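Quick note: numbers below take in every heavy atom, side chains included, and nothing from hydrogens, waters or symmetry partners. Only a predicted model underlies this, so the values are computations on that prediction, with no experimental measurement involved.
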Amino acid sequence: MPTLTEQILARAAGRQRVQPGEIVVIEPDVTLSHDNSAAIANIFARLPHKRVKYPERLAITLDHAVPPPTPKHARNHAEIRQFARAQGIENFFEVGRGICHQVLCEEGVVGPGMTLLGADSHSPHYGWLGAFGAGIGRSEVAALWATGQLWLRVPETLRIKLTGGLRRGVTSKDLTLALIGTLGADGAAYMAVEFTGAGIAKLTAASRATLTNMMAEMGAKNAIMPPDDRTWRWLRETLARTRPQDYQQRLDFFAANALYPNADAKVTRELTIDLRDIEPMVACPHTVDNTVALSQVAGRRVDVGFIGTCTNGRLEDIAAAAELVRGRKLRRRLLVIPASALALRDATAAGYITALLDAGAAIGTPGCGPCMGNHMGVLAPGEVCISSANRNFRGRMGEPEAEIYLASPAVVAASCIAGELIHPADL
């Protein structure tokens, strides 16, 4: 029996079945790009095709350098807007709407059973919805714009069965860091990571997205889990807000399109993780798989904290930080950037933004912020940052002589209160 990923790729290839290791040509439902769209358009312009074949399948989001920090970035954005208008791309999301992965989920552009190929390495994100998402290069995206098709190799599958539930004070970010630390940065190289088990039901929608998003840091081609009641509830409530005119039709489409795993599908490797065994974790400089228990590095100096990115910039993450800092003053700088305008709006309505501002935090425009070292919070030489982002490579936040630790948003906030790495329970 085929795995969930194999089922989705077979459909995208117009075939009954595909096999791991096989090369197939697929037509993805969605092709994603962001601020790199101008560079991709330059490649596209050198092809004989003058028009995008399926403009309705394209999604472009301005998110990596927003608002533009330099005239060069502003010109880049202007070129992308012009391209989107000329090609009739309706799924174009302006500065301030948020990070591509969060926005495309909120807007119902991607849903269960669908296939997305994107010019962003964290495209496995969409697997939390039961969709196939994979990152590709700019030339491949240009080819997709032109032809609507691309070949790829069907990945082998690593099945991870989750049992039990996370203990109080432990998050899916801790689970994710524990997995990457155990299996290594290449532990799932070009594999489909399929999450199964009763433990999934105990993870919130936001925390599931953290898990599939960061499987990119383990080398995965894609990560995926089956949609369940919580998935459908999130889609129903969110799409009713973002596309009230047709959300029921979109939900019906997703329901008809959804696929589910076969328990007896053949996989290459299988692991079982008891969520009760997971403890608060930290990824230490300068690799994501350099993970240790938070207790082993508690007390290390912190200069600045960052909460945000496609990994941990959702309402749940902002709420965790706000509840910790409420009535307190930060000893260290804390930058909070919501993953989307929707998350910012909800955090404002709930009073979380006020609590963070009262404590001394800074709030940024929804987008990627300093994650890739562009602007809005880049580091100085010798500074130590505690971040909820997905990467801590040397120079990732703009300065090679800085140190970046990765942890959950609650740990980031607690550490900025204490001035050192600490778990909220130890404040």
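Each of Met215, Arg159, Lys221, Met225 was scored for a side chain to side chain contact (heavy atoms under 4.5 Å, CB included) with Val193, with one residue passing: Met215. Partner Val109 forms a side chain to side chain contact (heavy atoms under 4.5 Å, CB included) with one of Thr242, Val30, Val103 and no other, that one being Val30. Screening Thr210, Asn312, Asp317 for a side-chain hydrogen bond (donor to acceptor under 3.5 Å, both in side chains) involving Lys173 leaves a single residue, Asn312. Residue Leu144 forms a side chain to side chain contact (heavy atoms under 4.5 Å, CB included) with just one option from Ile136, Leu58, Leu32, and that option is Ile136. With Glu106 as the partner, the salt bridge (Lys or Arg N to Asp or Glu O under 4.0 Å) test is satisfied by one option alone out of Arg241, Arg97, Arg345, Arg243: Arg97.
The closest side-chain heavy-atom distance from Phe195 to Arg208 is not below 4.5 Å. Residues Ile200 and Pro226 are in side-chain contact: their nearest non-hydrogen atoms beyond the backbone lie under 4.5 Å apart. Here the side chains of Ile307 and Leu356 are not in contact, with every heavy-atom distance at 4.5 Å or above.
For Arg153, the CZ atom sits in a packed shell: over 12 heavy atoms of surrounding residues, nucleotides or ligands are nearer than 6.0 Å.
Without hydrogens or angle criteria, Asp29 side chain to Thr115 main chain gives a donor-acceptor distance under 3.5 Å. Proximity of a side-chain donor or acceptor of Arg396 to a complementary backbone N or O of Cys371 within less than 3.5 Å is detected. Without hydrogens or angle criteria, Asp35 side chain to His64 main chain gives a donor-acceptor distance under 3.5 Å. Put simply, the side chain of Asp63 gets close to the backbone of Cys100: a donor and an acceptor are under 3.5 Å apart. At least one donor-acceptor pair under 3.5 Å links the side chain of Asp303 to the backbone N or O of Val384. Of the possible donor and acceptor atoms, one in the side chain of Ser415 sits under 3.5 Å from a partner among the backbone N and O of Ile422. Judged by distance alone, the side chain of Ser387 and the main-chain N or O of Ala389 form a donor-acceptor pair under 3.5 Å. Between the side chain of Arg332 and the backbone N or O of Val302, at least one donor-acceptor pair lies under 3.5 Å. Under a 3.5 Å cut-off, the side chain of Glu217 and the backbone N or O of Ile180 do not form any donor-acceptor pair. With hydrogens and angles disregarded, a donor-acceptor distance shorter than 3.5 Å links the side chain of Asn36 to the backbone of Ala119.
Between Arg230 and Asp228 there is no salt bridge, since no side-chain N of the basic residue sits under 4.0 Å from a carboxylate O of the acidic one. Looking at Glu323 and Arg326, a side-chain N of the basic residue comes within less than 4.0 Å of a carboxylate O on the acidic one, giving a salt bridge.
Separating the CG atom in Leu275 from the OG1 atom in Thr163 is a distance of 6.0 Å, to the nearest 0.5 Å. A distance of 8.0 Å separates CE of Met376 from CZ of Phe306, quoted to the nearest 0.5 Å. The CG atom of Leu117 sits 8.0 Å away from atom OG of Ser123, with the distance rounded to the nearest 0.5 Å. To the nearest 0.5 Å, atom CZ of residue Arg168 and atom CG of residue Leu166 are 13.0 Å apart. Within the model, atoms CD1 of Ile60 and CD1 of Ile40 stand 8.0 Å from one another, a figure rounded to the nearest 0.5 Å. To the nearest 0.5 Å, the span separating CD1 on Ile318 from OG1 on Thr348 amounts to 8.5 Å.
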- Go through the steps for Ile99 and Thr61 under the test side-chain contact (heavy atoms from CB on, under 4.5 Å), then give the verdict. CA-CA 7 Å; Ile99 305 173; Thr61 307; over 6 Å; no

- Task: For side-chain contact (heavy atoms from CB on, under 4.5 Å), just list the numbers for Val325 and Leu330, CA-CA rounded to whole Å, side-chain angles, deciding distance to a tenth of an Å, and then say yes or no.
- Result: CA-CA 7 Å; Val325 305; Leu330 298 166; 3.9 Å; yes

- What's the verdict on side-chain contact (heavy atoms from CB on, under 4.5 Å) for Phe92 and Ile80, showing C-alpha distance, side-chain angles and the deciding distance? CA-CA 10 Å; Phe92 173 73; Ile80 295 170; 3.9 Å; yes

- Given the rule in the salt bridge (charged side-chain N to carboxylate O under 4.0 Å, His left out) test, do Arg17 and Glu22 qualify, once you have shown the distances and angles that lead to the verdict? CA-CA 11 Å; Arg17 186 164 182 177; Glu22 187 178 8; over 6 Å; no

- Message: Determine whether Arg11 and Asn257 satisfy the following criterion, side-chain contact (heavy atoms from CB on, under 4.5 Å), listing intermediate values before the conclusion.
- Response: CA-CA 10 Å; Arg11 174 192 283 167; Asn257 212 45; 3.0 Å; yes

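When only modelled atom types and interatomic distance are considered, His34 and Asp120 share a side-chain donor-acceptor pair under 3.5 Å. Remark: the Ser121 side chain and the Arg391 side chain contain an N/O donor-acceptor pair separated by less than 3.5 Å.
Relative orientation of the Trp128 and Trp234 rings is perpendicular, given thresholds of 30° and 60° on the angle between their planes. Classification of the His101-His125 ring pair by plane angle, with boundaries at 30° and 60°, yields parallel.
With sequence neighbours excluded, the residues satisfying salt bridge (Lys or Arg N to Asp or Glu O under 4.0 Å) with Glu27 are Arg57.
Considering every non-hydrogen atom in both Ala131 and Val110, the closest pair reads CB-CG1, 3.9 Å. When all heavy atoms of Ala339 and Arg314 are compared, the closest pair comes out as CB-N, 4.4 Å. Minimum heavy-atom separation, Ala283 to Val288: CB-O, 3.5 Å.
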Side-chain donor-acceptor distances from residues 400-409 under 3.5 Å, at least two apart:
unit_1 : atom_1 : unit_2 : atom_2 : d
Tyr405 : OH     : Arg300 : NH1    : 3.0
Ser408 : OG     : Val411 : N      : 3.4

